[in-house]
Amino acid sequence: MKKESNNVLDYPKKFFWGASISAYQVEGNNHNQWTVWELENAKVRAAQSEYQLANYSNWGQIKLEARDPRNYVSGVLADHYNKYLDDFDLLEKMNMNAFRFSVEWSRIEPKEGAWNVAAIKHYKEYVDELSRRGIEPIMTLFHFTLPVWFVEKGGFEKRSNVKYFTRFAKKIVSELGRRVKFIITINEPEIYTIEGYHLGNWPPALDNNFKCWRVANNLAFAHIQASKSIHKLSRRYKVSISKNSKYYRSDGALLSRLSAFIMQYIQDDYFIKKVVKYCDFIGVNYYFSSNVHGSKAHDSEDHVSDIGWGMQPSDIQCVLERLHNKYNLPIIITENGLADVNDDNRRWWISKTLIGIHKAMKNGVKVQGYLHWSLIDNFEWAYGKWPRFGLASVDYKTGERKLRPSAIWYGRIIKKIREL
Ligand code: BGC
């Protein structure tokens with residue numbers, strides 16, 4: 001790293017400064033198992049919102065949207081599928097040089113074994129455009145949404161279905177691979193399994209611990225198979241998962257330390273250990289930490305974002321150092337951010353995060369990039385449209401995007417750091 005000047009942190013020249021999105025959350029007009037589920041559940045979710053969210057301090061501000069069934073139906077959203085050029089302009093305005101997105105399997109293979117040539121062409125143009133602008137594409141293959149036909153076959157509940165995912169991975173990487181080097185096979189495998197198979201908040205909305213465990217193991221197998229196939233195409237690809245990590249901070253008592261150790265193991269290591277031999281780097285998504293007292297973990301409740309998540313951005317340093325010490329692989333932060341409609345905390349969050357990353361790097365962690373979640377406001381799964389994670393706001397009526405003040409500030413910071 002080079003010398004710091006004028007209080008600007010020094011980062012390596014080749015560092016990826018970027019933002020993330022996923023197809024279903026921004027593209028609009030997709031049709032997959034989420035679409036089916038959200039249509040069936042929108043009314044119930046709207047009716048239950050008061051019960052679930054009324055103790056949020058911002059309930060007054062969100063209640064109109066949260067009580068409206070339309071909030072839970074994705075629909076056109078930001079129409080990123082058609083307006084991606086506008087969104088790439090935002091990346092450039094913020095002086096970014098990397099972008100994480102996902103390709104939507106249900107568009108590319110709408111029926112089993114039938115490739116949609118127009119969708120593949122679309123994504124080719126998409127990555128070409130990123131390259132033309134000097135922005136490194138970081139492509140995710142599975143970000144929580146699956147084609148209906150795949151789910152009807154049993155989805156990831158059946159190990160024998162993994163071959164369909166591998167075939168898709170091979171196909172899309174062969175088609176787009178000329179322009180793409182960094183590939184995330186699976187986004188947050190354990191969040192997908194816990195939300196869908198244990199908490200029942202997401203499709204298939206089950207509370208079945210056996211299936212939860214089986215799907216998690218099948219996802220590990222899916223990563224291994226996809227990673228092997230992609231590397232067979234070429235060794236130049238850098239493949240990983242995006243692992244959601246949270247930091248368990250114990251109060252120091254013996255029982256708390258032991259509990260924190262076990263919780264951290266279940267959170268991170270159970271899955272990572274299965275796949276790490278097939279990862280060229282580790283993709284990390286960090287949002288919040290937990291305090292462990294005795295045998296219980298407590299998420300902080302005093303300083304929270306719009307969706308009630310405790311805000312401890314500095315803890316990213318602990319997450320990075322732990323993963324580095326255990327696995328010694330380069331790390332890309334593939335997601336990190338907060339829901340903050342009034343943009344009250346985003347600037348503070350980003351500065352604390354950048355300081356945390358920088359400290360970790362000084363301590364030897366090989367961080368290759370920081371991708372903020374997210375570039376634009378998006379569909380926040382079971383919460384629907386009201387949480388606003390975007391560096392740019394989106395007016396869902398007009399489609400207008402506008403960089404939030406924190407994003408304008410952040411763009412200037414990136415410029416200064418890159419010019420150092
Ligand atoms: C997911 C994103 C989501 C974000 C904020 C991550 O768990 O990958 O899809 O929008 O967190 O909740």
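Note that these values count all heavy atoms, side chains included, but never hydrogens, waters or copies made by symmetry. Whatever order the structure lists them in is the order used to number ligands and atoms, beginning at 1. All residue numbers in this chain count up from 1 along the given sequence.
- When only interatomic distances are considered, the shortest N/O to N/O separation between Gln25 and ligand 1 falls below 3.5 Å.
- The contact set between ligand 1 and His143, taken as ligand atoms under 4.0 Å from a residue heavy atom, comprises 1 (C), 2 (C), 8 (O), 9 (O).
- Protein heavy atom closest to atom 2 (C) of ligand 1, with residue, atom name and distance, is Glu335 OE1, 3.5 Å.
- Around atom 4 (C) of ligand 1, the closest heavy atom drawn from Phe144, Tyr287, Phe389, Tyr286 belongs to Tyr287.
- Each of Trp373, Tyr192, Tyr24 was scored for a ring pair (Phe, Tyr, Trp, His ring centres under 6.0 Å) with His143, with one residue passing: Trp373.
- An N or O contact shorter than 3.5 Å links Trp373 to ligand 1 by distance.
- For ligand 1, the atoms closer than 4.0 angstrom to any heavy atom of Trp381 are 2 (C), 3 (C), 9 (O), 10 (O).
- When atom types are taken as modelled, the side chain of Tyr56 and the backbone of Asp306 share no donor-acceptor pair closer than 3.5 angstrom.
- Of the heavy atoms in Trp309, only side-chain atoms (C-beta onward) come closer than 4.0 Å to ligand 1.
- Checked against the 6.0 Å centroid criterion, the rings of Tyr84 and His122 qualify as a close aromatic pair.
- Asn187 counts as a contact of ligand 1, since one of its heavy atoms falls under 4.0 Å from the ligand.
- Aromatic pair Phe15/Tyr370: ring centres not closer than 6.0 Å.
- Between the side chain of Glu175 and the main chain of Lys170, no donor-acceptor pair closer than 3.5 Å is present.
- Looking only at protein heavy atoms, the nearest one to atom 7 (O) of ligand 1 is Glu188 OE1, 2.4 Å.
- For ligand 1 and Glu380, the ligand atoms under 4.0 Å from any heavy atom of the residue are 3 (C), 5 (C), 10 (O), 12 (O).
- With sequence neighbours excluded, the residues forming a side-chain contact (heavy atoms from CB on, under 4.5 Å) with Ser351 are Trp409, listed by chain and number.
- For the residue pair Tyr383 / Asn201, no side-chain donor-acceptor distance below 3.5 Å is found, with atom types taken as modelled.
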